[in-house]
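First listed ligand is number 1; within each ligand, the first listed atom is number 1.
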Amino acid sequence: MRRISPVLQQDGVEPELIALLKTILAACREISFRVSQGELAGVLGSTLGENIQGETQKKLDVIANELLKEVILETGVVKAISSEEEDTIVAGNPQGKYLVTFDPLDGSSNTDINSLIGTIFSILPADPDKAPDDSSLFLQPGTAQVAAGYVLYGPSTMLALTTGHGTRLYTLDNTYGGFLLTEDQAAIPKYTTEFAINMSNQRFWQEPMQRYVADLLLGKTGPRGKNFNMRWIAAMVGDVHRVLCRGGIFAYPRDTKDPQKPDKLRLMYEANPMSFLVEQAGGLSSTGYQRIMDIVPTDIHQRVAVILGSKHEVETCIGYHKA
Ligand code: FDP
């Protein structure tokens, strides 16, 4: 079984980027251990604070954020970081070549029920001419990412990683303490009969999504002519992992439930890294109107509509947005 460094070296990844990825993964191993301790570690439950986007912040989110922030900034190769748990960017080494943006614990409402959660990260090049506290450093489209991945804390801890040479899956070997390559090239099947969406929002979606999902539900008797099954983990990291493993379509479309928040998922540390992984595995990722990785961000905490997964199914869904 192959360890991560030789695989990255073979792909021609720069030594500094390999070192940065290994540092991120070392923090994720620590988070994995704490997650596996559950109640025993005394880490579950909410703190009194709320993060900047008004969602209740779990204690484990805080721990994961602090850990990642500290080790990433210590590498010396990072100019600044941006996290879901930080309202502004955090400056690092002015000479650093990279920027890291991350969601330390995605799906955090799953922590209380011992269900899937994960860390999502995206690495961008840093403009050498900008100051490390200039948040415009981060306002680059997803196509600029040099690496992206997530670590899923499930029955086993898994890593999905891309540096633009396909998407590879690794499994944490707790006996030796490192990630071993278990799927050399994730390949999302082009066709699927599985969809993932929060159906409770149905009445708030825009018209194209209403029509698309209504046709899925009609199954064999409708225009799609086949039955679909629904799966919903309610943590993007878990739902995207399923899509990478066996295909499917995952969507968090725009809705009118909360006029202040028409989109739910974050562009920079959720949608972009997941889109990179999905595209590198042969899938597609779109808002319904635009490729997600082409969006030029205007804010580090920007939200976006997401439709990703099996190529043919995403194309079909996009077709409803054109009609
Ligand atoms: P969570 O709020 O539990 O952190 O963006 C975060 C996210 O989870 C996604 O992982 C998940 O897909 C989505 O929100 C679920 O939100 P809803 O329960 O509001 O549909």
Side-chain angles (χ1 to χ4, degrees), residues 28 31 35 43-47 49-65 68 82-87 101-122 142 148-154 158 160 194-206 209 213 230-244 248-275 277-278 285-287 292 297 299-309:
C28 290
I31 298 168
V35 167
V43 293
L44 294 183
S46 306
T47 57
E50 286 200 326
N51 70 4
I52 98 145
Q53 289 153 46
E55 291 150 10
T56 308
Q57 196 178 52
K58 301 291 163 93
K59 209 172 166 190
L60 199 52
D61 295 12
V62 181
I63 296 169
N65 186 53
L68 282 162
S82 163
S83 160
E84 191 204 11
E85 303 296 337
E86 307 276 342
D87 50 0
T101 172
F102 55 90
D103 182 352
L105 219 50
D106 177 66
S108 51
S109 38
N110 272 354
T111 49
D112 289 336
I113 58 165
N114 195 26
S115 194
L116 288 183
I117 47 179
T119 299
I120 310 173
F121 57 89
S122 160
Y150 62 76
V151 175
L152 179 75
Y153 310 114
M158 290 194 72
E194 203 162 66
F195 71 100
I197 196 163
N198 186 341
M199 284 297 296
S200 71
N201 292 330
Q202 185 176 24
R203 68 188 184 284
F204 301 111
W205 298 331
Q206 295 179 322
M209 210 60 193
V213 174
M230 198 193 92
R231 281 282 178 272
W232 179 247
I233 290 170
M236 186 193 197
V237 71
D239 285 305
V240 172
H241 186 67
R242 185 187 56 254
V243 168
L244 277 182
I249 183 166
F250 165 86
Y252 214 110
R254 176 162 287 201
D255 63 49
T256 55
K257 199 167 151 186
D258 175 357
Q260 306 303 317
K261 213 172 76 176
D263 300 315
K264 163 93 190 189
L265 300 175
R266 273 52 66 104
L267 174 63
M268 307 244 20
Y269 39 81
E270 289 184 314
N272 269 341
M274 294 310 201
S275 299
L277 290 165
V278 164
S285 182
S286 167
T287 63
I292 285 179
D299 185 277
I300 56 168
H301 294 297
Q302 186 168 336
R303 297 174 188 264
V304 68
V306 174
I307 301 163
L308 61 76

* Structure fact -> Tightest non-hydrogen contact, residues Y269 and I300, listed as CE2-O, 3.6 Å
* Asked: Any N or O on S109 sitting closer than 3.5 Å to an N or O of ligand 1?
  -> yes
* Is the closest N or O pair between M236 and ligand 1 shorter than 3.5 Å? -> yes
* To do: Please indicate whether any nitrogen or oxygen in N201 is less than 3.5 Å from any nitrogen or oxygen in ligand 1.
  => no
* To do: For D106, take its heavy atoms, then give the atoms of ligand 1 lying under 4.0 Å from any of them.
  => 6 (C), 9 (C), 10 (O)
* To do: Check whether any side-chain heavy atom of I197 lies under 4.5 Å from a side-chain heavy atom of W205, and answer yes or no.
  => yes
* Asked: Any nitrogen or oxygen of L265, main chain or side chain, under 3.5 Å from a nitrogen or oxygen of ligand 1?
  -> no
* Number the atoms of ligand 1 from 1 as they appear, then name those within less than 4.0 Å of a heavy atom of R266, with their elements. => 5 (O), 6 (C)
* Got F250 and E194 here, is their nearest side-chain heavy-atom distance under 4.5 Å? -> no
* Quick one: look at S108 and ligand 1, take heavy-atom pairs under 4.0 Å, and tell me if it's side chain, backbone, both or neither. => both
* Ligand-side contact atoms (ligand 1) for residue partner E270, heavy atom cut-off under 4.0 Å -> 5 (O), 6 (C)
* Non-hydrogen side-chain atoms of T111 and K59 separated by less than 4.5 Å -> no
* How are the rings of H241 and Y150 set to each other: parallel, tilted or perpendicular (split at 30° and 60°)? -> perpendicular
* Asked: Do you know which two heavy atoms are closest between A305 and R254, and how far apart they sit?
  -> CB-N, 3.8 Å
* Does one side chain, of N65 or S83, offer a donor that lies under 3.5 Å from an acceptor on the other? -> yes
* Structure fact -> Candidates K264, K261, E84; heavy atom nearest atom 2 (O) of ligand 1 found on K264
